[in-house]
Amino acid sequence: MAMASLTQQLTGGLKWTPFLSKPTTHLQKQKRGVLPIVCSIAISSTQNKERALLAEIFAEAYENCRNAPLQGVSFTVDQLTETVDKYDFASEIGNKVTGTVFGSDASGAFVDVTSKSTAYLPLFEASIRKIRHVEDIGLIPGATEEFVIIDENEDDGLLLSLRSIQFDLAWERCRQLQSEDVVVKGKLIDSNKGGLVAEVEGLKGFVPFSQLSTKLPGEEIIEMELPLKFVEVDEEESRLILSHRKAVAGIQAQLGIGSVVTGTVQSLKPYGAFIDIGGISGLLHVSQISHDRISDIETVLQPGDILKVMILSHDRERGRVSLSTKKLEPTPGDMIRNPTLVFDKAEEMAQTFRQRIAQAEAMARADMLRFQPE
């Protein structure tokens with residue numbers, strides 16, 4: 001009875017399930033009477049050892065965190081920071097983010113900005129110039145650019161823009177060109193009562209009629225390129241004022257009689273061809289194209305042809321420049337039969353022409369002195 005009482009006290013509340021559920025005899029029950037005590041002591045000892053081992057592991061880990069936090073780590077703090085920055089950024093409107101194009105459609109491009117949110121670049125926001133497709137400006141899958149976030153919503157995700165960044169760069173470029181007093185080429189895209197609208201560096205600028213060196217024919221100005229200088233560059237007021245008069249002032253100084261310049265055929269008329277020479281339009285009269293007679297000017301010249309022409313006369317007040325290729329022909333008719341030879345020999349023939357003119361002027365002065373009364 002004493003042993004049974006002691007066993008009941010030690011095992012009270014301890015649940016122990018035998019490994020076998022086979023019915024046991026009364027003798028087996030008596031032999032098993034001390035087993036719960038042995039197993040309970042064994043389990044308790046094992047648990048204590050595991051607790052001690054865990055405590056030792058935690059203590060060692062704590063000391064490592066305090067004294068050598070990067071020990072055993074396969075990456076550096078910089079690498080961790082770079083990875084975090086790559087996958088986490090402030091997606092606020094106005095922030096810039098680097099992204100990679102991974103697809104496109106007729107309305108824009110899909111951009112991976114390495115975040116959980118999708119990003120889309122609308123076609124209108126892809127460039128400050130008018131384009132038909134994002135591929136026109138090189139935005140193909142794999143292209144990486146810096147974008148600015150212009151909107152965010154749950155349906156479309158992030159909306160991006162390249163256009164606003166390009167506008168900032170264009171205004172900065174114009175300010176720099178103005179400070180350097182540089183002549184730029186501007187394409188005329190429109191006109192109004194006060195002047196002309198020209199595109200420069202992707203921006204729309206205004207050329208007042210008072211800043212034109214010559215009167216331009218209204219039906220021919222669209223798509224024409226003019227040399228221009230900056231008069232006013234004001235980004236805050238979106239005001240860009242340009243001058244053609246200032247730009248051609250320096251060019252006109254180089255247009256000496258007998259000098260050779262390179263020009264491009266702008267347009268053809270029955271009486272001759274208009275040649276663009278550095279933004280100034282000069283007339284190559286049909287009689288000054290070749291020594292041989294030309295019945296149809298289109299058989300000799302076409303718009304876009306590049307020529308070397310000689311300056312015959314220059315009326316700065318009226319803005320008129322007369323040109324000649326006839327004077328540059330090594331032999332009469334070369335402009336019709338071999339225009340390449342005329343181009344190659346232009347400077348040489350112009351030098352010969354200037355020498356003949358100088359000799360003629362010297363002879364004329366000598367004759368004047370000879371016939372002057374003593």
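Bear in mind the structure is a predicted one, so any value in this text is a computation, not a measurement.
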Engineer: Look at the side-chain heavy atoms of Ile, Leu, Val, Met, Phe, Trp and Tyr, link any pair under 4.5 Å apart, and say whether Phe343 and Leu301 land in one connected group.
Structural biologist: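 Phe343 does not cluster with Leu301.
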Engineer: For Glu56, does the CD atom sit with more than 12 other heavy atoms under 6.0 Å from it, leaving out its own atoms?
Structural biologist: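 No - once you tally the heavy atoms of other residues, nucleotides and ligands closer than 6.0 Å, there are 12 at most.
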Engineer: Between CZ of Phe167 and OG of Ser127, what distance do you get to the nearest 0.5 Å?
Structural biologist: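 Here the interatomic distance stands at 9.0 Å.
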Engineer: Rounded to the nearest 0.5 Å, what separation is found between the CD atom of Glu235 and the CD atom of Glu172?
Structural biologist: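 Going from CD on Glu235 over to CD on Glu172, the span is 8.5 Å.
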Engineer: Could you tell me if Asp151 and Tyr120 have a donor-acceptor pair between their side chains, going purely by distance under 3.5 Å?
Structural biologist: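 Short answer, no.
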Engineer: Taking C-beta and beyond as the side chain, do Ser281 and Ile275 meet within less than 4.5 Å on heavy atoms?
Structural biologist: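 No; the side chains remain at least 4.5 Å from each other.
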Engineer: Please determine whether a side-chain nitrogen of the Lys or Arg among Asp292 and Arg337 lies less than 4.0 Å from a carboxylate oxygen of the Asp or Glu.
Structural biologist: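 Salt bridge flag = yes for Arg337 with Asp292.
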Engineer: Apply the test side-chain contact (heavy atoms from CB on, under 4.5 Å) to residues Gln266 and Met224: give CA-CA distance (whole Å), side-chain angles for both, the deciding distance (0.1 Å), then the verdict.
Structural biologist: CA-CA 9 Å; Gln266 285 181 316; Met224 181 184 294; 4.2 Å; yes
Engineer: Contact between Met310 and Leu323 at the side-chain level, heavy atoms closer than 4.5 Å - yes or no?
Structural biologist: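 No. Closest side-chain heavy atoms not under 4.5 Å.
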Engineer: Please name the pair of heavy atoms, one in Leu162 and one in Leu121, separated by the smallest distance, quoted to 0.1 Å.
Structural biologist: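 Closest approach of Leu162 to Leu121, heavy atoms only: N-CD1, 3.8 Å.
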Engineer: Can you name the closest pair of heavy atoms from Leu284 and Ser324 and give their distance?
Structural biologist: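 Nearest pair, atom of Leu284 first, then Ser324: CD1-CA, 3.6 Å.
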Engineer: Within a strict 4.5 Å, meaning less than it, do heavy atoms of the Leu307 and Val265 side chains meet?
Structural biologist: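 Side-chain contact under 4.5 Å: yes.
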Engineer: Counting N and O atoms only, with roles assigned by atom type, does the side chain of Thr325 sit under 3.5 Å from a partner on the main chain of Ile289, one being a donor and the other an acceptor?
Structural biologist: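 Indeed, once roles are kept as given, a pair shorter than 3.5 Å links the two residues.
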Engineer: Of all heavy-atom pairs between Ala106 and Leu123, which one has the smallest distance, and what is that distance?
Structural biologist: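 Scanning both residues, the minimum pair turns out to be O-CD2, 3.9 Å.
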Engineer: If you define the side chain from C-beta out and look only at heavy atoms, does anything of Val342 sit under 4.5 Å from Thr340?
Structural biologist: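 When only atoms from C-beta onward are counted, Thr340 and Val342 do not touch, as no gap falls below 4.5 Å.
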Engineer: Testing the basics here: between Ser104 and Val134, what is the closest heavy-atom pair and its distance to 0.1 Å?
Structural biologist: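 Result for this residue pair: CB-CG2, 3.7 Å.
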Engineer: Does Leu188 share a hydrophobic cluster with Val197, counting links as ILVMFWY side-chain heavy atoms below 4.5 Å and allowing steps through other members?
Structural biologist: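 Each belongs to a different hydrophobic cluster.
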Engineer: Hydrophobic cluster membership, with links at side-chain heavy-atom distances under 4.5 Å among I/L/V/M/F/W/Y: are Val231 and Leu196 in one?
Structural biologist: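 No, because Val231 and Leu196 fall into different hydrophobic clusters, even though each may have its own neighbours under 4.5 Å.
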Engineer: Tell me, with the steps shown, if Trp171 and Leu203 meet side-chain contact (heavy atoms from CB on, under 4.5 Å).
Structural biologist: CA-CA 8 Å; Trp171 280 106; Leu203 301 176; 3.7 Å; yes
Engineer: Could you tell me whether a side-chain N or O of Asp136 sits under 3.5 Å from a main-chain N or O of Arg132, the two making a donor and an acceptor?
Structural biologist: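 Yes: the side chain of Asp136 pairs with the backbone of Arg132.
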Engineer: Just jot down the side chain to side chain contact (heavy atoms under 4.5 Å, CB included) partners of Ile140, sequence neighbours excluded, or say none.
Structural biologist: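 Side chain to side chain contact (heavy atoms under 4.5 Å, CB included) list for Ile140, sorted by chain: Glu135.
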Engineer: Does Ser238 use its side chain to pair, donor to acceptor, with the backbone of Asp234 at less than 3.5 Å?
Structural biologist: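 Between the backbone of Asp234 and the side chain of Ser238 there is no qualifying donor-acceptor contact (under 3.5 Å).
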Engineer: Indicate whether any N or O donor in one side chain lies under 3.5 Å from an N or O acceptor in the other, for Asp334 and Thr331.
Structural biologist: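 The answer is yes; a qualifying pair exists.
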Engineer: For the residue pair Leu328 and Lys308, what are the closest heavy atoms and their distance?
Structural biologist: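 That closest heavy-atom pairing would be CD1-O, 3.4 Å.
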Engineer: May I ask you to decide if Ala126's main-chain N or O and Arg163's side chain share a donor-acceptor pair within less than 3.5 Å?
Structural biologist: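 Checked: no pair found.
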Engineer: CG of Leu283 to OG of Ser313: how many Å apart, nearest 0.5 Å?
Structural biologist: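 So the gap between those two atoms works out to 9.5 Å.
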Engineer: Measuring from atom CD of Glu201 to atom CG of Leu177, what distance do you get when rounded to the nearest 0.5 angstrom?
Structural biologist: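 Taking CD in Glu201 and CG in Leu177, the distance rounds to 5.5 Å.
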Engineer: Nearest 0.5 angstrom please: Ile241 CD1 to Phe230 CZ, how far?
Structural biologist: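 Ile241 CD1 to Phe230 CZ: 11.5 Å, rounded to 0.5 Å.
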Engineer: Walk me through whether Ser290 and Ile294 qualify under side-chain contact (heavy atoms from CB on, under 4.5 Å).
Structural biologist: CA-CA 8 Å; Ser290 176; Ile294 297 175; 4.2 Å; yes
Engineer: I'd like to check Val183 versus Leu228 (side-chain heavy atoms, cut-off strictly below 4.5 Å). Are they in contact?
Structural biologist: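 Not touching, per the 4.5 Å side-chain cut-off.
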Engineer: Please determine whether a side-chain nitrogen of the Lys or Arg among Arg239 and Glu232 lies less than 4.0 Å from a carboxylate oxygen of the Asp or Glu.
Structural biologist: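 Salt bridge present between Arg239 and Glu232.
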Engineer: Can you tell me how far OG1 of Thr264 sits from CD1 of Ile306, rounded to the nearest 0.5 angstrom?
Structural biologist: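 With rounding to 0.5 Å, CD1 (Ile306) is 5.0 Å from OG1 (Thr264).
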Engineer: Among Leu226, Val200, Val233, which one satisfies side chain to side chain contact (heavy atoms under 4.5 Å, CB included) with Leu242?
Structural biologist: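 Output: one option passes, namely Val200.
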Engineer: Side chains of Lys327 and Gln288: closer than 4.5 Å at any heavy-atom pair?
Structural biologist: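 They are in contact (side-chain heavy atoms under 4.5 Å apart), so the answer is yes.
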Engineer: Is a side-chain N or O of Gln166 found less than 3.5 angstrom from the main chain of Ile128, in a donor-acceptor match?
Structural biologist: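 Pair found, side chain donor or acceptor close to backbone of Ile128.
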Engineer: Taking the side chain from Glu125 and the backbone from Leu160, do they hold a donor-acceptor pair closer than 3.5 Å?
Structural biologist: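 No; judged by distance alone, with no hydrogens or angles, the pair does not exist.
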Engineer: The test is side-chain contact (heavy atoms from CB on, under 4.5 Å); show your working for Ile311 and Ile277 and say whether it passes.
Structural biologist: CA-CA 10 Å; Ile311 308 296; Ile277 46 176; 4.2 Å; yes
Engineer: Do you know the tightest heavy-atom contact between Val148 and Gly94?
Structural biologist: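 So the minimum-distance heavy-atom pair works out to CG2-O, 3.5 Å.
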Engineer: What do you reckon, is NZ of Lys185 surrounded by more than 12 foreign heavy atoms closer than 6.0 Å?
Structural biologist: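 Result for NZ/Lys185: enclosed.
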Engineer: Is there a side-chain contact between Glu199 and Arg129 in this structure, where contact means two heavy atoms from C-beta onward sitting under 4.5 Å apart?
Structural biologist: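 Glu199 vs Arg129: side chains touch.
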Engineer: Are the side chain of Gln302 and the backbone N or O of Glu298 linked by a donor-acceptor pair below 3.5 Å?
Structural biologist: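 The answer is yes, because a donor-acceptor pair under 3.5 Å joins these two groups.
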Engineer: Taking Glu329 for the side chain and His291 for the main chain, is one N or O donor matched with an acceptor at less than 3.5 Å?
Structural biologist: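 It does hold such a pair.
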Engineer: Less than 4.5 Å apart, side chain to side chain, heavy atoms only: is that true for Asn192 and Phe206?
Structural biologist: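 They are in side-chain contact.
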Engineer: Is there a path from Val101 to Ile131 through hydrophobic residues (I, L, V, M, F, W, Y) whose side chains come within less than 4.5 Å of each other?
Structural biologist: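 They do share one cluster, since a chain of ILVMFWY contacts under 4.5 Å joins Val101 to Ile131.
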Engineer: If hydrophobic clusters are built by linking Ile, Leu, Val, Met, Phe, Trp and Tyr wherever their side-chain heavy atoms come under 4.5 Å apart, do Phe124 and Ile93 end up in the same one?
Structural biologist: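 Looking at the clustering, Ile93 is in a separate group from Phe124.
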